[in-house]
Amino acid sequence: SNLHTMERGMATLRALDFYDPEGAEVDIKLDPLLTPQQNAAKFYKEYAKAKTAEKVLAQQLLQGEQEAEYLATVLDELSRAESESDLAEIRQELEAGGYVRPADRRKQPKLPASRPMEFTSSDGYRILVGRNNRQNDQLSMKTARKDDLWLHIQKFHGTHVIISCAGVRPPDRTVTEAAMLAAFYSQAKNGQNVP
């Protein structure tokens with residue numbers, strides 16, 4: 001520490017730069033009106049402030065990435081919306097998240113909530129397909145049982161597919177059909193050409 005070489009009234013302090021591999025020296029600007037201890041305390045306070053700012057910035061960057069990922073799923077939902085109900089649900093989701101102002105409900109007609117799509121496999125199993133975040137939440141939290149089979153396509157947004165099987169292993173043909181539905185609706189949702 002060069003603190004003992006500092007004196008009140010000094011404008012600069014020459015010190016070893018610990019970040020320089022060649023061990024060069026660096027000039028540190030001091031406040032000549034402060035004592036050495038006050039100058040040191042001032043630098044420590046600035047360092048602590050910078051560390052806090054770095055931590056907050058890292059949290060904000062992570063939050064921004066998560067928000068961008070979420071908004072990408074909403075954009076995909078918009079590209080796949082098939083009805084006024086789908087659009088109304090997406091708007092309500094954005095309102096709940098604070099992304100758009102709440103609409104005046106008195107001026108809008110009441111639309112039935114859109115529901116997950118429902119299919120029956122060749123083996124008679126019920127297959128449910130969620131097409132937006134709300135439907136996926138409904139499938140995961142309310143409709144599906146813990147022992148049902150859940151599928152989705154990795155690295156694609158959204159589309160959740162549930163095979164209602166109540167713990168019974170469904171035949172391979174049913175699983176294949178459910179996987180095809182997951183692939184089909186994930187590709188459609190993500191703006192790809194679907195055969």
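FYI, side chains are in, hydrogens and waters are out, and symmetry mates aren't considered; it's all heavy atoms of this structure.
- Considering I162, L139, I127 as possible partners of P116, the one that fulfils the side chain to side chain contact (heavy atoms under 4.5 Å, CB included) test is L139.
- Pairs engaging residues 50-89 under the ring pair (Phe, Tyr, Trp, His ring centres under 6.0 Å) rule: Y70-Y99 [sequence neighbours left out].
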Using atom types as modelled, flag every donor-acceptor pair under 3.5 Å from a side chain in residues 165-180 to any protein atom, sequence neighbours excluded.
| unit_1 | atom_1 | unit_2 | atom_2 | d |
| --- | --- | --- | --- | --- |
| R169 | NH2 | D172 | OD1 | 3.4 |
| R173 | NE | D123 | OD1 | 3.3 |
| R173 | NH2 | D123 | OD1 | 2.6 |
| T174 | OG1 | S121 | OG | 2.8 |
| T174 | OG1 | D123 | OD2 | 2.6 |
| T176 | OG1 | D172 | O | 2.9 |
| E177 | OE1 | S122 | N | 2.9 |
| E177 | OE2 | S122 | OG | 2.5 |

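- Applying the ring pair (Phe, Tyr, Trp, His ring centres under 6.0 Å) definition to pairs two or more places apart or across chains, none involves residues 115-145.
- For CD of E46, the number of neighbouring non-hydrogen atoms (other residues, nucleotides, ligands) closer than 6.0 Å is greater than 12.
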T143/L128 under side-chain contact (heavy atoms from CB on, under 4.5 Å): CA gap, chis, key distance, verdict: CA-CA 9 Å; T143 307; L128 300 166; 3.5 Å; yes

Audit row: R101, E95, salt bridge (charged side-chain N to carboxylate O under 4.0 Å, His left out) steps and yes/no: CA-CA 6 Å; R101 288 182 185 165; E95 285 175 12; over 6 Å; no

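- Every residue two or more places apart in sequence or in another chain was checked for a side chain to side chain donor-acceptor pair (under 3.5 Å) with Q59, and none qualifies.
- Remark: R145 engages D147 in a side chain to side chain donor-acceptor pair (under 3.5 Å) (not counting sequence neighbours).
- Judged purely by atom type and a 3.5 angstrom limit, Q38 uses its side chain to pair as donor or acceptor with the backbone of T35.
- A continuous path of hydrophobic side-chain contacts links V129 to L151 [ILVMFWY only; heavy atoms under 4.5 Å].
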Pairs under 3.5 angstrom only: tabulate donor-acceptor contacts from the side chains of residues 19-30 to other protein residues two or more places apart or in another chain.
| unit_1 | atom_1 | unit_2 | atom_2 | d |
| --- | --- | --- | --- | --- |
| D20 | OD1 | E22 | N | 2.8 |
| D27 | OD1 | R14 | NE | 3.4 |
| D27 | OD1 | R14 | NH2 | 3.4 |
| D27 | OD2 | R14 | NH2 | 3.2 |

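- Tracing side-chain contacts under 4.5 Å through hydrophobic residues (I, L, V, M, F, W, Y), one reaches L181 starting from L149; they form part of the same cluster.
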